[in-house]
Protein chains: 2
Amino acid sequence: MGEIELVLKKHQIRPTAIRLLMYRFLTEKNVAVTLNDIEAGFDKSERTTLYRTIKTFEKKGLVHQIDDGTGVAKYALDENTLKVGDSQDLHLHFHCTKCNETTCLTDHKIPHISLPKGFVSKDMNLVIKGICDKCSNT
Amino acid sequence: MGEIELVLKKHQIRPTAIRLLMYRFLTEKNVAVTLNDIEAGFDKSERTTLYRTIKTFEKKGLVHQIDDGTGVAKYALDENTLKVGDSQDLHLHFHCTKCNETTCLTDHKIPHISLPKGFVSKDMNLVIKGICDKCSNT
DNA sequence: GAAAAACATGCAACTAAAGTGCATAATTAA
DNA sequence: TTAATTATGCACTTTAGTTGCATGTTTTTC
């Protein structure tokens, strides 16, 4: 049994052909991808299936959705996919307005922020927009 | 001439009837509103016109768009609308997952974050999700 | 103050992404 | 091996965002 198969099983995801392929696709990319990116990476298979597959991955805690302000949902593999459960690593995301790529800056944790009385924080999303390293070196 | 009319003129926005109404509508709300919210607040007038009006407000620096992760764009008046120009107040936003309201926490500035070499920050968006004060007191 | 230019509005239509319903196929459990 | 569950493919719907164009209104210019 392949390694990817094991990862999926650990997350209680049935390792079908498409799912294995999508997982590999995600590991090969080091930036967040849209559903369109995924679709473009697979000659075969339906948009709906890919949509439901990525949603399954999300539900099972294999990927997280990123909202970088472009209006299109992006997805990226969770850092520690071997660990199951709410890892809740609140890293920040960088969106390059030049190349439109969004990167997980997993080493950069979001600093603690004190909220007004009565507000309870459960989750947070921090996106920094600007020019990425690749684009600024051009 | 009314006060709102003056505010609009200061931002080089022609004070038409709809614009005056929308500005007042925005001041009355203390949470961010979607285009649908705006539409619901006006019996008359076209969705397109309201859309273009809010976009004009945004372009002229009267409102800012907020991306709270719900997938729908929300808008809120800038804090200091009497001042013209790039105020760029990077406050954070709180999105309540219970009542679905998004509030500007204008007093809470986003802390400075150091980025990896080569990354240049131009703008940032921080949304904290959780339960707001109104919903937690219920 | 009239004509021209610039801008605002309303209507229709289009686009893109997200999501649902349902039939069929495949996989797992009994 | 049959029943139950889950996955996939296709068509279709929904919703938000956006654009084109004709008409209406305001501002500018002479």
Side-chain angles (χ1 to χ4, degrees), chain A residues 1-2 4-6 8-23 25 32-60 62-76 95 100 102, chain B residues 1-2 4-25 32-60 62-76 95 100 102:
Chain A
M1 204 190 303
I4 297 179
E5 211 167 330
L6 280 170
L8 293 187
K9 287 206 169 174
K10 265 189 188 162
H11 287 263
Q12 302 185 307
I13 301 168
R14 283 195 198 163
T16 65
I18 290 177
R19 289 170 177 178
L20 293 169
L21 284 170
M22 189 182 289
Y23 186 89
F25 180 79
V33 295
T34 64
L35 186 58
N36 276 340
D37 295 335
I38 297 172
E39 211 182 352
F42 293 84
D43 289 338
K44 238 172 154 49
S45 196
E46 260 299 294
R47 184 185 177 78
T48 316
T49 304
L50 298 173
Y51 170 74
R52 284 198 259 233
T53 302
I54 197 79
K55 284 294 171 192
T56 301
F57 281 12
E58 191 191 1
K59 218 177 298 170
K60 301 289 187 180
L62 210 59
V63 305
H64 59 285
Q65 185 178 332
I66 304 158
D67 200 354
D68 63 4
T70 54
V72 211
K74 295 188 178 174
Y75 303 89
H95 172 67
N100 201 32
T102 297
Chain B
M1 205 190 300
I4 297 178
E5 213 169 325
L6 279 170
V7 174
L8 294 187
K9 285 205 169 176
K10 264 189 188 160
H11 287 263
Q12 303 185 305
I13 301 167
R14 283 195 199 164
T16 65
I18 288 176
R19 289 171 178 179
L20 294 169
L21 285 171
M22 188 182 290
Y23 186 89
R24 210 174 55 194
F25 180 80
V33 295
T34 65
L35 187 58
N36 276 341
D37 295 335
I38 297 173
E39 213 180 350
F42 292 83
D43 289 339
K44 239 171 154 51
S45 196
E46 260 297 295
R47 183 184 178 77
T48 316
T49 304
L50 298 173
Y51 169 75
R52 284 198 260 231
T53 302
I54 198 78
K55 283 294 173 191
T56 301
F57 281 11
E58 192 190 2
K59 217 176 300 171
K60 301 289 185 177
L62 210 58
V63 305
H64 58 284
Q65 183 178 334
I66 305 157
D67 200 354
D68 63 4
T70 54
V72 212
K74 294 189 179 173
Y75 303 90
H95 173 67
N100 201 31
T102 297

_Q12(A)-K59(A) side chain donor-acceptor pair, cut-off 3.5 Å_ =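 Looking only at side-chain atoms, K59(A) and Q12(A) do not form any donor-acceptor pair under 3.5 Å.
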*Do D68(B) and T70(B) get their side chains close enough for a donor-acceptor pair, meaning under 3.5 Å?*
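The criterion, which ignores hydrogens and geometry beyond distance, is satisfied for T70(B) and D68(B).
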*Which part of the nucleic acid, if any, lies within reach of T34(B) when heavy atoms closer than 4.0 Å are counted: base, sugar-phosphate only, or nothing?*
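No contact.
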*Residue met sooner reading DNA chain D from 5', once L35(B) and R52(A) are mapped to nucleotides*: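 On the 5' side of the pair lies R52(A).
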*When rounded to the nearest 0.5 angstrom, what distance separates CD1 in I54(A) from OG1 in T34(A)?*
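The distance works out to 10.0 Å.
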*State whether N36(B) places a side-chain N or O below 4.0 Å from either non-bridging phosphate oxygen (OP1 or OP2) of dA16(D).*
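Yes.
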_Distance test, side-chain N/O of Y51(B) to OP1/OP2 of dA16(D), below 4.0 Å_ =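 No, no such contact exists.
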*asked:* So if I take residues 12-19 of chain A and measure heavy-atom distances to DNA chain D, which residues fall below 4.0 Å?
replied: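 The answer is R14(A), T16(A), I18(A), R19(A).
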*Angle, rounded to 10°, between the helical axes spanning five pairs at each terminus of the helix from dG1(C)-dC30(D) to dA30(C)-dT1(D)?*
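The two end axes of the helix from dG1(C)-dC30(D) to dA30(C)-dT1(D) meet at 30°.
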_Is any side-chain heavy atom of H95(B) closer than 4.5 Å to one of N100(B)?_
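They are in side-chain contact.
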*Is the number of heavy atoms from other residues, nucleotides or ligands within 6.0 Å of CZ (R24(B)) greater than 12?*
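Incorrect, the count does not exceed 12.
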*Quick one: closest heavy-atom pair of L50(A) and E39(A), and the distance?*
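Answer, listing the atom of L50(A) first, then E39(A): CD1-CA, 3.7 Å.
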*asked:* What is the first contacted nucleotide of DNA chain C and what is the last, in 5' to 3' order, if contact means an atom lying under 4.0 angstrom from a heavy atom of chain B?
replied: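 Extent of the interface on DNA chain C: dC7(C) to dA12(C).
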*Would F57(A) and Y75(A) count as a close aromatic pair, with their ring centres under 6.0 Å?*
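Not under 6.0 Å, so no.
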